[in-house]
Protein chains: 2
Amino acid sequence: MKNKVKRLNAIRQVVTDCKISNQEELLNKMIEQGYDVTQATLSRDLKQLKITKSLDNNGEYRYLLTNLAFNPTNEADTVKTIGVNSLEFSGQLAVMKTRSGYAGGIAAEIDAHAADAILGTIAGDDTILIIPREGFSRIEIINILSNLIEHLS
Amino acid sequence: MKNKVKRLNAIRQVVTDCKISNQEELLNKMIEQGYDVTQATLSRDLKQLKITKSLDNNGEYRYLLTNLAFNPTNEADTVKTIGVNSLEFSGQLAVMKTRSGYAGGIAAEIDAHAADAILGTIAGDDTILIIPREGFSRIEIINILSNLIEHLS
DNA sequence: ATAAATTTTGCATAAATTTGCACACTTTTT
DNA sequence: AAAAAGTGTGCAAATTTATGCAAAATTTAT
């Protein structure tokens with residue numbers, strides 16, 4: 001996996017796990033984890049990931065993943081070509097939207113390559129219902145699936 | 001005080017109507033509308049309203065309301081579908097039964113008109129699996145969907 | 001009504017974020 | 001293999017946003 005993709009996933013992870021209030025804090029966490037990067041790059045990364053500073057329940061500023069788990073226009077262009085449009089969660093379930101007709105094929109890829117994290121999938125024409133195994137967090141599922149999609153390209 | 005409430009509403013309105021990319025732009029709009037206010041106050045107002053700079057579909061920065069209210073009355077008269085037989089819940093999932101062959105069409109209507117509340121649908125021939133977004137109660141889902149299909153019965 | 005308490009606001013400035021530019025690195029084309 | 005095109009990055013500076021503080025406005029209590 002390319003270094004940038006790895007870093008983007010790490011950012012998602014950090015932002016999910018920690019209360020990050022500014023890019024300086026994020027920068028420190030990333031450096032802690034061995035990423036040699038600057039605040040300017042993180043600013044661009046966050047823009048690409050569509051992660052913005054929001055207000056949490058206490059009314060304090062914090063970086064948060066939007067409800068949209070990922071949107072391939074933000075990811076590598078290759079993701080779009082394989083046909084994944086979006087991935088979102090509701091409760092323990094994930095729903096992936098794909099190009100029309102692609103759901104079955106992509107679901108088969110997920111079954112074949114992510115069975116350790118994914119209990120099963122049900123595909124329609126352009127929608128896949130993804131049932132994660134117990135014990136996998138959303139961010140883990142997102143990372144696994146986005147890595148999988150990255151690999152397919 | 002009353003003035004502040006009025007201003008907060010005006011901010012919501014402006015942010016919804018115009019593509020506001022920074023507080024300076026918002027400031028100008030507000031002054032245009034006769035509000036005598038400063039950027040500092042707008043910063044505080046936005047914090048109170050929990051309106052933050054987000055990224056739109058073009059990947060450009062823009063202030064956005066996070067919780068757009070779904071308004072069924074806007075959608076109700078655009079839906080003229082028949083064929084829904086039942087709607088029942090199991091956990092967070094809803095299952096709609098339709099006349100044979102209608103599931104796909106009705107699911108498309110739901111996707112098109114209730115995306116605010118429905119994360120996704122998967123249609124077979126006469127059954128639609130409906131996955132509500134988090135934060136929507138069964139009653140809300142029922143109301144939204146029955147508004148959508150009220151012309152049926 | 002007056003005083004006290006609370007909230008709101010502007011000013012100035014600190015803090016935080018974005019971006020132009022130049023260069024390094026990668027991929028594609030010829 | 002070299003040239004061209006595209007991508008990613010750091011640096012420094014510009015832009016944008018948040019906030020401490022004191023004053024003004026508003027609300028509440030006496």
Side-chain angles (χ1 to χ4, degrees), chain A residues 1-12 14-15 18-31 33-66 72-82 146 150-153, chain B residues 1-12 14-15 18-31 33-66:
Chain A
M1 177 169 34
K2 287 168 203 155
N3 195 45
K4 181 172 178 184
V5 174
K6 232 170 72 182
R7 192 181 64 234
L8 294 184
N9 285 333
I11 289 172
R12 271 197 284 248
V14 168
V15 164
C18 315
K19 179 185 165 182
I20 300 292
S21 300
N22 58 53
Q23 295 178 8
E24 193 77 16
E25 279 177 33
L26 178 59
L27 179 63
N28 292 334
K29 290 280 181 190
M30 294 301 287
I31 288 172
Q33 295 191 17
Y35 290 93
D36 183 12
V37 76
T38 63
Q39 174 269 326
T41 296
L42 292 179
S43 173
R44 295 179 179 111
D45 288 348
L46 290 168
K47 183 173 187 174
Q48 194 172 354
L49 291 168
K50 292 202 182 186
I51 296 175
T52 54
K53 203 153 79 165
S54 313
L55 288 152
D56 65 15
N57 294 330
N58 299 325
E60 290 176 334
Y61 288 104
R62 163 176 190 170
Y63 279 93
L64 281 175
L65 291 179
T66 61
T73 56
N74 311 332
E75 307 286 327
D77 283 351
T78 51
V79 174
K80 191 165 25 179
T81 67
I82 206 172
S146 75
E150 176 73 17
H151 262 125
L152 293 179
S153 312
Chain B
M1 178 52 163
K2 192 176 182 184
N3 198 41
K4 181 174 178 183
V5 173
K6 235 171 72 182
R7 190 182 65 236
L8 293 182
N9 286 329
I11 289 172
R12 266 197 283 253
V14 167
V15 165
C18 314
K19 181 187 165 180
I20 300 292
S21 300
N22 59 52
Q23 295 178 7
E24 193 78 16
E25 278 178 33
L26 178 58
L27 180 62
N28 292 334
K29 290 279 182 191
M30 295 302 286
I31 288 173
Q33 295 191 16
Y35 290 93
D36 183 13
V37 76
T38 63
Q39 174 269 325
T41 296
L42 291 179
S43 174
R44 293 179 180 114
D45 288 348
L46 290 167
K47 183 173 187 174
Q48 192 171 352
L49 290 167
K50 294 201 180 187
I51 296 174
T52 53
K53 203 153 81 166
S54 312
L55 288 151
D56 65 15
N57 292 330
N58 298 325
E60 291 176 335
Y61 287 105
R62 168 177 185 170
Y63 279 92
L64 281 176
L65 290 179
T66 47

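To find a chain, count down the sequence lines: A is the first, B the second, and so on, and within it residues start at 1. Since the model is a prediction, treat every value here as computed from it, not as a measurement.
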When both hydrogen-bonding distances must be under 3.5 Å and the geometry is Watson-Crick or G-U wobble, what is D:dT30 paired with, if anything? C:dA1
Please determine if a side-chain N or O atom of A:Ser43 lies less than 4.0 Å away from the OP1 or OP2 oxygen of C:dT18. yes
Side-chain N,O (B:Lys4) to OP1/OP2 (D:dT26) below 4.0 Å: no
Kindly indicate whether the side chain of A:Arg7 and the base of D:dG8 share any N or O donor-acceptor pair separated by less than 3.5 Å? no
Is any side-chain N or O of B:Lys53 closer than 4.0 Å to OP1 or OP2 of C:dT18? no
If you define the side chain from C-beta out and look only at heavy atoms, does anything of B:Tyr63 sit under 4.5 Å from B:Leu46? yes
Between B:Glu25 (CD) and D:dT15 (C1'), how many Å, whole number? 12 Å
In this structure, how many angstroms lie between the C1' atom of D:dT15 and the CG atom of B:Leu26, rounded? 17 Å
Does the base of C:dA15 carry an N or O that pairs as donor and acceptor with the side chain of A:Gln23 under 3.5 Å? no
What is the nucleic acid contact for A:Thr41, judged by heavy atoms within less than 4.0 Å: base, sugar-phosphate only, or nothing? sugar-phosphate
Might you point out which heavy atoms bring A:Leu64 and A:Ile51 nearest each other, and give the distance in Å? O-CG2, 3.5 Å
B:Val37 vs A:Asn22, nearer the 5' end of DNA chain C by closest nucleotide: B:Val37
Show your working on side-chain contact (heavy atoms from CB on, under 4.5 Å) between A:Gln23 and A:Ser43 and close with a plain yes or no. CA-CA 7 Å; A:Gln23 295 178 8; A:Ser43 173; 3.5 Å; yes
What heavy-atom pair brings B:Val37 and B:Leu27 nearest, and what distance separates the two atoms? O-CD1, 3.3 Å
Side chain of B:Arg44, heavy atoms from C-beta onward: which of D:dG8, D:dC21, D:dC11 has the nearest atom to it? D:dC21
Between A:Tyr61 and C:dT17, is there a contact of a side-chain N or O with OP1 or OP2 at under 4.0 Å? no
